[in-house]
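Each chain gets a letter, A, B and so on, in the order its sequence line appears, and its residues count up from 1. Computed from a predicted structure; not experimentally measured.
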Amino acid sequence: MQDKFYPFREIEPKWQKRWEEEKLFEVREDSNRKKYYVLEMFPYPSGRIHMGHVRNYSLGDAYARFMHMRGFNTLHPFGYDAFGMPAENAAIKMGIHPAKWTLNNIGVMRSQLDKLGYSYDWSREVTTCLPDYYRWNQWFFIRLFEKGLAYRKLSKVNWCNQCQTVLANEQAAGGRCWRDDSLVVQKELNQWFFKITDYAEELLQDTDQLADGWPERVLAMQKNWIGKSQGATVQFPIEGSSLQLTIFTTRIDTIYGATSIILSPDHPMLSQLDMPTDARLHLGEFRNRLRQGSSSEKETHSQEKEGLFTGVYAVNPFTEEKIPVWIANFVLMEYGTGAIMAVPGHDQRDYEFSSKYGLEIRPVIFPADGSPLPSGLAYEEYGVLRNSGPFSGLTSEQALCDMSEYAGQKGFGTATTTYRLRDWGISRQRFWGTPIPMIHCPGCGVVPVPFEQLPVLLPDTSEIQTTGGSPLAMMESFVQTTCPCCTGPALRETDTMDTFVDSSWYMFRYLDARNDTLPFRREKADYWLPVDMYIGGITHAVLHLIYMRFFAKAMRDLGLTGLDEPVARLFTQGMVLKDGSAMSKSRGNVVDPDDMIREYGADAIRLFILFAAPPERDMEWSQSGIDGCSRFLNRLYSLTSRFAPTLPGSAAAFDPAELPESSRALLRKTHQTIHRVTLDLGERMHYNTVVSSVMELFNAIGDYVTARGEDWPGDSLLRFSLETTLQLLSPLTPHITDELWERLGHGTCLIQESWPAYDPALGAEDEVEVVIQICGKIRSKILVARGRSQEELQQLALADPAVQKHIAGKALRKCIIVPDRLVNLVV
RNA sequence: GCGAAAGUGGCGGAAUUGGCAGACGCGCUGGACUUAGGAUCCAGUCCCGCAAGGGGUGGGGGUUCAACUCCCCCCUUUCGCACCA
């Protein structure tokens, strides 16, 4: 078994040890060198790494090593997103302390990572569940609180029964929990929030800055999530009362067609309305019915529209017309003002609703080209206003402006922008997270823990109560404290922070990971940031990646950095599949990285995982694919080992001009490969074509060697080509290449060498194959010296026997020539 | 329904600006060496055809001397959003 392969079991540990001893990957700021910051999304320490991690880290490692060799001062750190529920659940189930469980997992994962040979600067390692990390979460919390960016309010929140905690909106998108996909319910609770909405506009605007470096789809998802919408709010007085209903509309131009006002069933003003008794009774029933059907029916997206007349009327301030006030299930309290004006002529939803309940449909916008209005549905396009008093005749575009201005002048409305984005709810009713550093004092109210008392430590216990509330609330010794203001008895806040807080700024902590007076120093941030290349899955497009952007901006406004955006380039990698679907225990299709390392070695796995598909696409794990990569490394090993003892000592000891043609071809191929690999690795990140180019080069080396017979000792060109192959491959398969580099007589590791330089003169073909087409069909190919003129090429083409056969007796009408490539004769 | 991405041999996938479709790898076929092979080496491998030649990048149209590549329409798949007023 063992002798089937090159001895990777000796080679890989040998080099891992040496890299560590020589501290090759530890970096510090150096103002004389250009920096490069490569980062992979840090993992949750669930126990073992999986192939998705291997892909993620192999991509990042290849890139970091490549940038290192290109001369950049390359930062490549690693850490663990170590707070979270699996540890807590393990504690509840088995009585293990979550810290013990977590740190044990980290130990296992670390040994797996070590075996894969990644170039991390471990001196900067970060573990978010340790006090020296989470104290800074608390520090940020208080700083944000002081700036009014952290606040507490009673509100309806998403509650996941599985997780027994509240979730942020981003974590409950589509009404389902991001973690376990179960349905979330609404609960009214007092919760801490971060005021991300203060940054809604900036988060939206700055997507422009990111357009070059981030995938379009991620930005689209974020923009969509922020959901900016420009329109107007208009106040409708309630007839016979001093109350007003405020509605939000993006189509104030249609307001003369409004035939009712519709409120959300949750609208707070409902309780103040002077509703007839029977309507009030029906309202109660109506709400109950909605609540019963709620969760699962919210799933079906085209829920039947249902409404109820309140018996109350409002006055359209434009027309002074009296219109009925309804409530309906399709008006959401969470968006806009929770109240709309229904314009059934120009909004399909209002049309459906109004048709059902017999409300008037009154068209006020008509197509500008005079074509008739569609029948049976609402006309939602812009057009020209009619039946709109003084605004009749205006275009929609003009009316949108004029009418909100008019409303402003008259004092019953204003141009308004709303966002779908809501504040980030960060309270969690869980144990294993950062304690929120606040104290509830009966006299002084809610006050922050003084900075010098941080961190507020989690109790050291594995006995976690699960009675439904926050576990910390059950722990008397944690809860009881004294007020920092009045020194009287007080109670600690018992909720912990969302773990997305931890991951929102870890890329900053890496810069100064051992600092115990600040989260990081400004000068470190100024040197290293932004992250130049951030690699991870797309699953966090509107979770982690938007929180992280918010945090960066808030930190900037706290004076900690001078940076608008923390990540310049985001690369989203595809998933690793087996038999067409994601690996999972329940499907039984998991391939364990450890098994693969044992059988094939880290280099073969890394090579295959990069070769099998372009990195942004999903890839299929294939047994025979990794066999193929393993074979390639075996060939590389045996051929290099065979020539190592006999090769001439220097790779530069030949004169390109003196080489025979058969040698020049290999020299050309070598330079062409340098060129291609440099572009594919650096600009496109297409590792799959990097691997195939190097394989091509190695095949050419094989042919070169085979042609020279068994006893041939090799020449300096062979040395040059082999060494180049090792250099180009070293970011991908660092162990075998360092080993062979050493066997070729070098004392360095390849990451200490500079990246090979492409010489265009040596890479250029001096003979090229020119395709001859007749009317676009290939009829012949000729081999000519590079740089032939158009006239020469045309003459050569016409003289070709195959061409003559095809054009015999026909007149040449046109001749298209692409120098060095193609001649197309049109007859 | 809206938005985005993708569709190329038996399979994973190549193809700078429109310029030789199928690189590289897997698999398969035949051969060599072998006690043996999941090792190694050699040859072949898009389809039709003995050949000359013809056809071919989801389907249909178009632009062009020339289209996997650009434009229009349609189909399929994946992902995201989904009563957002």
Side-chain angles (χ1 to χ4, degrees), chain A residues 1 3-5 173-175 215-221 223-225 227-229 231 247-251 254 262 264 298-305 328-332 334-343 346-350 352-353 418-420 538-539 541-542 607-608 611-614 616-632 634-635 638 675-676 679-680 683-684 686 688-699 702 706 769-778 780-781 805 813-818 820-827:
Chain A
M1 188 78 168
D3 61 353
K4 172 174 146 193
F5 297 112
E216 177 116 17
R217 237 143 50 115
V218 174
L219 296 179
M221 282 162 80
K223 285 180 195 168
N224 191 358
W225 188 257
K228 181 179 182 176
S229 167
I247 61 101
F248 174 72
T249 179
T250 55
R251 291 299 301 274
T254 65
I262 309 178
S264 162
K298 268 179 194 159
E299 289 281 288
T300 64
H301 300 301
S302 51
Q303 198 182 4
E304 176 71 16
K305 291 180 175 48
N329 59 347
F330 71 96
V331 177
L332 310 173
E334 298 84 36
Y335 187 80
T337 60
I340 64 162
M341 63 175 191
V343 185
H346 304 292
D347 182 287
Q348 188 59 26
R349 294 160 302 181
D350 299 346
E352 286 164 20
F353 182 78
T418 64
Y419 298 88
R420 200 173 81 123
I538 198 168
T539 47
V542 290
L607 188 67
F608 172 66
F611 178 53
E616 68 279 7
R617 225 182 290 178
D618 288 351
M619 64 161 284
E620 172 74 23
W621 184 267
S622 123
Q623 188 59 43
S624 47
I626 190 165
D627 280 330
C629 287
S630 179
R631 282 201 288 268
F632 169 74
N634 273 305
R635 286 198 296 274
S638 57
H675 186 51
R676 199 170 158 200
L679 290 178
D680 283 353
E683 276 161 40
R684 308 197 313 163
H686 275 199
N688 56 326
T689 56
V690 168
V691 177
S692 50
S693 310
V694 176
M695 284 175 169
E696 273 188 67
L697 172 60
F698 185 70
N699 289 345
T706 306
E769 192 178 52
V770 173
V771 172
I772 305 174
Q773 297 181 329
I774 294 167
C775 297
K777 286 197 186 297
I778 295 160
S780 185
K781 295 171 184 182
K805 193 176 113 195
R813 286 203 295 134
K814 205 170 172 185
C815 183
I816 289 104
I817 291 164
V818 183
D820 295 335
R821 298 196 89 143
L822 167 140
V823 178
N824 190 6
L825 303 164
V826 185
V827 292

B/U16 phosphate, OP1 or OP2, under 4.0 Å from A/Arg821 side-chain N/O | no

Within the structure, does a side-chain N or O atom of A/Asn688 lie under 4.0 Å from either OP1 or OP2 of B/C24?
-> no

Between A/Arg684 and B/A15, does any side-chain N or O lie under 4.0 Å from OP1 or OP2?
-> yes

Rounding to the closest angstrom, what is the interatomic distance between B/G80 and B/G18 at atom P?
-> 34 Å

Which pair of heavy atoms, one from A/Ala541 and one from A/Val218, lies closest together, and at what distance?
-> CB-CG1, 4.2 Å

Report yes if at least one side-chain N or O of A/Ser229 is closer than 4.0 Å to OP1 or OP2 of B/A85; otherwise report no.
-> yes

Distance in angstrom units between A/Leu822 CG and B/G19 P, rounded | 10 Å

Can you check side-chain contact (heavy atoms from CB on, under 4.5 Å) on A/Trp621 and A/Ile626, steps first, answer last?
-> CA-CA 8 Å; A/Trp621 184 267; A/Ile626 190 165; 3.9 Å; yes

Any A/Arg631 side-chain N or O less than 4.0 Å from OP1/OP2 of B/C26 | yes

Exam field: side chain A/Asn634 to backbone A/Ser630, donor-acceptor pair closer than 3.5 Å = yes

Please report, rounded to the nearest Å, how far the P atom of B/A5 is from the CD1 atom of A/Ile538.
-> 12 Å

Any A/Lys777 side-chain nitrogen or oxygen under 4.0 Å from OP1 or OP2 of B/G55 | yes

Report the base-pairing partner of B/G19 (Watson-Crick or G-U wobble, both distances below 3.5 angstrom), or none.
-> B/C65

For B/G55 versus B/C71, give the span between their P atoms, rounded off to a whole number of Å.
-> 26 Å

C1' atom, B/G37 versus B/C41: distance in rounded Å?
-> 14 Å

Return the nucleotide paired to B/A51: Watson-Crick means purine N1 to pyrimidine N3 with N6-O4 or O6-N4, wobble means G-U with N1-O2 and O6-N3, both under 3.5 Å.
-> none

With rounding to whole Å, what would you report as the distance between B/G22 and B/G30 at their P atoms?
-> 26 Å

Gap in Å between the two P atoms, one belonging to B/C68 and one to B/C20, rounded = 10 Å

So what's B/G1 paired with, Watson-Crick or G-U wobble, going by both distances under 3.5 Å?
-> B/C81

Mate of B/A32 across any strand shown (Watson-Crick or G-U wobble, both atom pairs under 3.5 Å) is B/U40

Within the side chain of A/Asn688, is there an N or O that forms a donor-acceptor pair under 3.5 Å with the backbone of A/Phe611?
-> no

Determine the Euclidean distance between corresponding C1' atoms of B/A23 and B/U40; express it in Å to zero decimal places.
-> 24 Å

Looking at the side chain of A/Thr250, which of B/U16, B/A85, B/C65 is the nearest nucleotide?
-> B/A85

Checking N1-N3 plus N6-O4 or O6-N4 for Watson-Crick, or N1-O2 and O6-N3 for wobble, each under 3.5 Å, the partner of B/U45 is B/G27

Taking a pair to mean Watson-Crick or G-U wobble geometry with both distances below 3.5 Å, B/G7 pairs with B/C75

Under 4.0 Å between a side-chain N or O of A/Lys814 and OP1 or OP2 of B/C65?
-> yes

May I ask you to establish whether A/Lys305 and A/Phe353 are in a cation-pi arrangement, using a distance under 6.0 Å from NZ or CZ to the six-membered ring centre and at most 45° from the ring axis?
-> no

Residues A/Met341 and A/Asp350: closest non-hydrogen pair is O-OD2, 3.7 Å

N/O (side chain, A/Arg217) to phosphate O (OP1/OP2, B/U78) under 4.0 Å | no

When you measure from the side chain of A/Asn824, which nucleotide among B/A85, B/U16, B/A66 comes out closest?
-> B/A66

Considering only atom P, compute the distance from B/C48 to B/G10 and round it to an integer number of Å.
-> 10 Å

Looking only at side-chain atoms of A/Val771, point me to the closest of B/C81, B/C41, B/C20.
-> B/C20

Using the glycosidic torsion, which applies to B/G9: syn (within 90° of 0) or anti (everything else)?
-> syn

